[in-house]
Amino acid sequence: MTLLDVQNLWVKFPTRQGIFDAVRGVSFTLGKERLGIVGESGSGKSMTGRAILRLIRPPGIVEADYIRLEGTNLLDLTEKQMRAVRGQRISMVMQDPKFSLNPVMRIGDQIMEAYLLHNRAGRADARKKSLEMLEAVSIRDAERVMRAYPHEMSGGMGQRIMIAMMLIPDPKILIADEPTSALDVSVQRQVLDIMDALVKERGMGLIFISHDLNLVAEFCDRVLIMYAGRIVEVCDADRLHDAKHPYTRGLLNSLPRLDHPRDRLEVLQRDPAWSDAPSVGTQE
Amino acid sequence: MALSENQTERRPRAPLAPWLKSILVTLSSIAVTMLGLLLITFIIGRVMPIDPVLSIAGERASKEVYEQVYYELGLDKPVIVQFFYYLSDVVRGDFGMSLLNARPVSEDIRRVFPATLELATLGVIMGIVLGVPLGVVAAVRRGSWIDQLARVVALVGYSMPIFWLGLMGLLVFYGILGWVGGPGRLGIFFEDIVPTRTGMILLDSALAGEWAVFRDAFSHIVLPASLLGYYSLAYISRMTRSFMLEQMSAEYVTTARVKGMSERAVIWGHAFRNIRVQLITVIALSYANLLEGSVLTEIIFSWPGIGSYITTALLSADMNAVLGGTVVVGLIFICLNIFSDLLYRVFDPRAK
Amino acid sequence: MSDATTWRAWLLTDAPTSRRHARLASFYKGWLSLRGNTMAMVGLGILVGLLLMALFAPYLAPHDWKAQDLGNRLQPLGSPGHVLGTDSLGRDILSRLIYGSRITLYIVTLVALIAPVAGLLVGTIAGYVGGWADVVLMRITDIFLAFPRLVLALAFVAALGAGIENAVLAISLTAWPPYARMARAETLTIRASDYISAIRLQGAGPIRIITRHIWPLCISSLIVRVTLDMAGIILAAAGLGFLGLGAQPPSPEWGAMISEGRRFILDHWWVATVPGLAIFTVSLAFNLLGDGLRDVLDPKDGGIE
Amino acid sequence: FAETPANMLVIANRIDDITTLDPAQSFEFAGSDVIRNVYGKLVNFDPLNLDAGYQPDLAESWTVSEDGKSITFTMREGVKFHSGNPVTAQDAEFSLRRAVILNKTPSFILTQFGFTAENVADTIKADGNTLTITTDKRYATSFVLNCLTATIGGIVDMKTVMEHDADGDLGNAWLATNTAGSGAYSVQSWKPNESVTLVSNPDFYLGAPAMERVIVRHVQESATQRLMLERNDIDVARNLNPEDIAGVQTAEGVKIEEELKGRLMYVSLNQKHPELSKPEVRQAIKYLVDYAGMRDSFLKGQYTIHQNFLPATYLGASDENPFSLNIEKAKELLASANVGPFEIEAGVREAQDRIEIAQSLQNTFAQAGITLNISVGTAKAILARYRARDLDVYIGAWGPDYPDPHTNAGTFAYNPDNSDEAGATGLLAWRNAWDAGGLTEKVDAAVIENDRDVRAKMYLDIQAEFREISPFAILFQQIEQSALRDNVTNFSTGQAITSASYWQITK
Amino acid sequence: MIDIQNLDVWFGDGHDRVDAVRRATFAVNAGESFGLVGESGSGKSTILRAITGLAPTWSGRIEIDGQILHGKSRDRTFYKNVQMVFQDPYASLHPRHSVDQVLGETLSLHGFRDIDTRVVKLLDDVGLGTRFRFRYPHQLSGGQRQRVAIARALAGEPDILLLDEPTSALDVSVQAEILNLLCDIRDQRKLTYLMVSHDLPVVGHMCTRLAVMKDGEIVEVMDVAQLRQMKASHPYSQSLLDASVAQ
Ligand SMILES: Nc1ncnc2c1ncn2[C@@H]1O[C@H](COP(=O)(O)OP(=O)(O)OP(=O)(O)O)[C@@H](O)[C@H]1O
Ligand SMILES: Nc1ncnc2c1ncn2[C@@H]1O[C@H](COP(=O)(O)OP(=O)(O)OP(=O)(O)O)[C@@H](O)[C@H]1O
Ligand SMILES: [Mg+2]
Ligand SMILES: [Mg+2]
């Protein structure tokens, strides 16, 4: 069943050289699944995620035929109604935990705030819920973490806290913007496992943004490959290695591999035609 | 002046007995700064062509009288010796006698400083109460008419000669409209009614329960204080705006929005919290500047404050008074600096 | 394609072909973003006007700025021959205002050349060298910062004698410490950056690093600050003039004109108000331009990407 | 905003010059105003009849010895100090001796009669109810008595003062901020740069003053004073400038009172300057002043043209004012001395009216080819240079120290030793390096002449010569314009001869 | 070529002291590429900074090309011999200096005369071409910036390059270009590399031997064959290997 349906999404920024299209006519749907979005830096992955939540501030412009969340078009909602959507129904884990937590607020307060915003509950209740949530993302010393400030946390913990904070209102959809790229390989694993478990248990829809093809291939159900603001290819994750688009192939081949030593790495040859071609739609 | 740049200077220090070390460091830096302050003031006193002897002996003094005063002041001793005499007195809290009015400088300062303190405090409060919200709104609505209005309001405050505003204000609100009390701190009727405890008439009269005096004192202070308030409003709102702009583009603000917070909660609950620290520094600085005494305001409003005290003393070569006043002002400056540092530690968890 | 558009394209290129081209292009982009800022352009316009006024003062001034006419003093605004009236000695206020722009510009330029440069020097040395130099220099800065500003300026003017140059020196003397602090704080962050490490690895010495690598980065925020402080500088000069210690008579320095006119403020308000408005306009212009420059120069605000 | 109370007088004035309230030391305008109301003197002026000259005050009468060197005063009976102690000859003896021994700045007013710390025991002596003072030579009695009306002649309460003697300072430190007199008022509080509050002495021997409290507030700005007066917050504004006087004149319930003061505005030329030392140049400059233009414009109502060193109302004062602006004549004079264009520096303190005078001079001088560069500085800085004979031209004011012609004659036209070493910084002639061209002896002679008319004639002669040859161009004499609420009567600032007194004022 | 023995590096002193590197010992032969891997904060960069004199305090023995180094000062021959490429291409170029200025200044510091021709050649060497000569950093992409940084490091014609995670801030596609470039110039100029990375495949691609670091200590030195066979002797290295391959 479709949770989110995006049709012909454009994100534009007016610049001195004219209008810059960060996202050009992207369409996709999301069910209760793990949808990966990959692409090189600047290909518009984050902007797509933010546009869904209507977080693009002026002068940026978001245009789309519709962005339907379980049937309602988010573009038609007032700012006030939109606030009820944010957090409670769609949540987003930001790219960099270091900058995404308020440095002068206790972590506990920030998590509880997210809960209290959408639930009529007392602080004690919120506290209990927050502790549970922290434990759910495998934070051991949850009591201490509640009292701590963001700068006292390592990158991995920060990322997990972000996840806990975004999941506490129990959203239908979670957008995770490169949740692991700032992390060490070992910590990366743990975070992925946690998210995986949560998606499975709660039946959420997950949009997983990353630039790491291998990671997405392994972790997600379906993958969108973006290039210059467009979706150039959509494929099932397990079939990623059979992808046809030269861009996707190039990305895959440019990675050094421990198991396949090579003298030279393959270098992506960009074809201007890629960015002119229309987005690959995914209407099901 | 934006002390926001200082963040880098205030990296957390030793985890080892940090309080002890930082207290020692702070104390020694105060001591060094004070010593330098004294030294420079002293040098200024010596190199100025204003002759302290003349201010005592007067224009018509004969040579003998002149020399007598010269020796009385100890001016025949080497400058270094004079400095050390002075230093040892100051350490004992003795700023010497004012050459001009034959009283201990410390007594004078006790009289004039509360006047300035009262004025500056009220002024800075007005500046904060109006300036901070103005700055925040301007930042949030960047580029809107309200931002432009805030800018013009602030810039007028920045660039209008304060004495011009002062005289005009006096003409309009006192001379024509009669809404406020005139120059001076109190009307003649109310002079010497309440006992001097703090030296700040508003406080003294409130303590004594003399509300009529309080009202009169307030009617006198409100105009000069608004003037100073406007001036600090200009500065505070500009700085608030630029701090807020920086915070509003930070990722955690987006995070807060993602949570579904209302814009107002995002601004005041999140972004504003983060500028508190910088704001404190700015306010402290602005307060310190007001406490330095706004000479021109004090002259126009016949306000017997420390600014005009020091200036009069300087113009008439009353070096003891100048030195005393400077030391006090410098000390306040340093204290405010330390105070804002302390608050910084309280408000910014990263500074621990 | 018209000439203008090719020029524009040439200037907006992201692949400049020579040093000059690169520099011009980056100026042009700055200019474009400044031009986009209406308020800043208003400020710039006023300042250009001021400059022209100073330049062509002899042609613009309707009267000799020092010609007295005691029988025709304190004429109101709009009186025949004297659009802005006359002052206490019967001199034409408009002419004095026009010639006064030269002095104002002179003050502003001189202070702007001294205080920030001194601050930059002290701040960057303290920040880069660190250790004892830092402690000593910052203590000195603190002392000057904690010093009552007017006392310092007055003392200085009193020591050297009244006069516009000394007033300027005195103002500079009180104005540098904030710049030093700012430059130091900035240096501290720059010092730790990789590009400084990189140039050190090429064997560059401290002088080269400070002058070629650190200064260019501090200067932009300094410029912004200076333009914002301009109002303060003009007013400080006016303040000294108010105390009779600024420009010497009969110099038509605007601050001095206000302080002359302030005696008549109740009955002949324009005598003080007209130069007051002039100061206001110019400092407003500097402020507006400063705000605009901040957007262009300050990388934090995302002017130059 | 009601009016000031009926028994209270509120005056706005600039009082930042008060440095001490000790009559033996005070030498400033505002201080003299206070002391005049606090201390009785042996002889004094009647504020309601100043033209009458000195009158008995604490001394009921006096006699002059045959040789003219001793004056014996008989003290008035029944007068009491504020402390309740009776005023006695011993107090008078103590007060005068004290002034001589302390040797503060104004002490020359007494010591010029030959009193020294060593000889006061003999020269100033009380005996029962009388006090005898003996001068070193014969002086005009009027001269001596006029000097005793100066501030330094204030009689202090010996008992009270000596209770506060500290380290043998004869109570100097204590008297600086406290008062112990017998006058109409005592000082209740003096807050420097803020206010002086006087309370009346109900036992004042001339009767209890109508104004029970007099508050003198320090208000720096003329505009501010005017606003306060218009708003009824003060009764008297003493420092209004001509424009504000003109403005306030039309205000309801305000009147202006004018009194001729002793203060003179003058320009002096340093004789060390090669060009300025030429007689023709000195003379030319006197023709290069736009006397009438200045008087009628920015000095309007506050100065009158006066070209002699004795202020009008003084004994021997002259009303000859021969000079007026005459560029042609000045040019002729300069040409006759073969003087081409030259440049000189004028020192002037930072007071608007003086700066304007300087600029007017600059303007007229320039028309004869003399470039006048104006250096504005603080009063102290400019004075220091003046005293060091370092200024080409000084533009300043001079007020008499006591109401006798010698006060100005002895400084403008008197210079026994013109060498740098003499360091006679108190003499204006010396400061301008002018040897007074033989006037010194004439001044010496005039001061001992006892015949009033002859003495007056002598001063007239001195001034006539002075006008022509001296390097001083006396310009104006001050008129003090006080603006009062119109219910204030009998207000007097003491004209040219003394200070303001308040006991006679009613409302 | 590089011989490091018992290297300790610490920051601050007394109770502030952070021991960033402890008793590190390894050697790199001429022409060899040696990798340093380990988790974030394990002290990899610090070793490089100690060699170049950018770390404040260290003890132990650092020998470069037969020269024993002392303290923080390095002489001219050292700078000619040893150069470093930094992790973040966005932070390692002066924001107000054009490519031409960066390279020109470096060349003149190394005492070259024919600066213009050398700048052109350097740009060619790193595959940028003269099109980029007068651009400012903000006009360059991350990969292009890293090329400039490499060109700068090559300007003095060094024998040894210290590479501090040269590609970790870059995209996978750009990473390939840079890694290829590094391989090419190594072969052309016979360079010795000491390369820091936390990405095992990258190290495996570039290096012949590597040291694994944990908490400031070198826990194991192994060669690339062992790496490929996933045979680490230390449990930490093993867990690191497992984590990277699991993807
Ligand atoms: N405020 C803005 N004004 C103009 N262009 C912008 C703005 N914000 C983003 N862009 C551009 O939009 C494009 C898409 O950015 P986005 O952040 O979505 O990239 P991304 O795919 O998330 O990259 P990364 O992997 O680096 O996070 C980029 O080219 C970026 O330069
Ligand atoms: N200037 C410094 N002052 C104090 N501690 C420092 C300083 N620089 C580095 N450290 C500490 O030294 C340790 C090693 O840092 P280093 O930068 O070498 O790690 P790294 O292995 O390069 O990590 P990364 O992969 O994140 O670059 C860290 O714990 C770090 O906190
Ligand atoms: Mg992104
Ligand atoms: Mg590192």
Side-chain angles (χ1 to χ4, degrees), chain B residues 1-9 29 32-37 39-41 44-45 47-50 148 151-152 154-156 158-164 167-168 171 175 238 242 245-246 249 288-289 292-293 295-296 299 306-307 310-311 314-315 322 325-326 329-334 337, chain C residues 39 127 135 138-140 142-152 154-156 158-159 161 177-178 181-186 188-189 221 225 228-232 234-235 238-239 242-243 255 258-259 262 265-266 269 272-273 276 279-284 286-288 291 294 300-302:
Chain B
M1 275 112 268
L3 289 188
S4 57
E5 307 103 17
N6 291 356
Q7 279 187 9
T8 35
E9 296 169 40
S29 83
V32 172
T33 314
M34 286 311 297
L35 195 72
L37 203 67
L39 186 67
I40 294 189
T41 329
I44 286 176
V47 298
M48 282 229 299
I50 300 181
Q148 305 292 10
R151 179 203 303 261
V152 169
L155 292 188
V156 168
Y158 251 52
S159 37
M160 224 42 193
I162 203 160
F163 50 85
W164 190 91
L167 281 173
M168 280 303 175
L171 173 65
R238 291 317 283 165
S242 90
L245 277 180
E246 203 170 301
S249 59
N289 279 336
E292 210 171 81
V295 189
L296 301 174
I299 287 179
I306 193 149
I310 295 180
T311 311
L314 193 79
L315 289 177
V322 175
T326 305
V329 167
L331 203 64
I332 286 159
F333 204 94
I334 294 167
N337 240 348
Chain C
M39 295 296 256
V135 171
M138 280 343 270
R139 277 298 79 92
I140 294 177
D142 271 0
I143 291 168
F144 276 88
L145 210 57
F147 218 96
R149 216 143 298 158
L150 200 67
V151 171
L152 202 59
L154 277 180
F156 195 76
R181 280 200 155 194
M182 197 167 117
R184 174 175 177 271
E186 213 150 312
L188 285 179
T189 39
S221 55
R225 252 317 267 288
L228 288 177
D229 284 353
M230 270 315 159
I234 300 177
L235 292 183
F242 186 75
L243 292 166
I258 297 184
S259 80
R262 105 179 183 270
I265 200 153
L266 299 184
W269 53 270
T273 308
I279 292 183
F280 168 66
T281 313
V282 170
S283 33
L284 196 65
F286 271 113
N287 268 313
L288 292 173
D291 267 13
R294 190 210 322 264
K300 265 181 274 168
D301 262 16

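Just so it is clear: chains get the letters A, B, ... in the order the sequence lines come, proteins before strands, and each one is counted from 1.
- The contact between Met168(B) and chain C is made entirely by side chain atoms (from C-beta outward), counting heavy-atom distances below 4.5 Å.
- Residue Phe144(C) touches chain B through its side chain alone, counting heavy-atom pairs closer than 4.5 Å.
- To the nearest 0.5 Å, the span separating CE on Met34(B) from CG on Leu39(B) amounts to 12.0 Å.
- For Leu37(B), the parts lying near chain C are the backbone and the side chain together; criterion is any non-hydrogen pair under 4.5 Å.
- For Thr273(C), the parts lying near chain B are the backbone and the side chain together; criterion is any non-hydrogen pair under 4.5 Å.
- Both the backbone and the side chain of Leu288(C) come within contact range of chain B, each with at least one heavy atom under 4.5 Å from a heavy atom of that chain.
- One finds the CZ atom of Phe333(B) at 12.5 Å from the CD1 atom of Ile143(C) (value rounded to the nearest 0.5 Å).
- Options Leu331(B), Ile40(B), Ile334(B) differ in how many heavy-atom pairs under 4.5 Å they form with chain C, and the most are formed by Ile40(B).
- Annotation: side chain of Leu266(C) is in contact with side chain of Leu171(B) (closest heavy-atom distance under 4.5 Å).
- Between the CG atom of Asn287(C) and the CE atom of Met39(C) there is a distance of 10.5 Å, given to the nearest 0.5 Å.
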Could you check Asp142(C) against Arg181(C) for side chain to side chain contact (heavy atoms under 4.5 Å, CB included), going step by step and ending with a plain yes or no? CA-CA 9 Å; Asp142(C) 271 0; Arg181(C) 280 200 155 194; 2.9 Å; yes
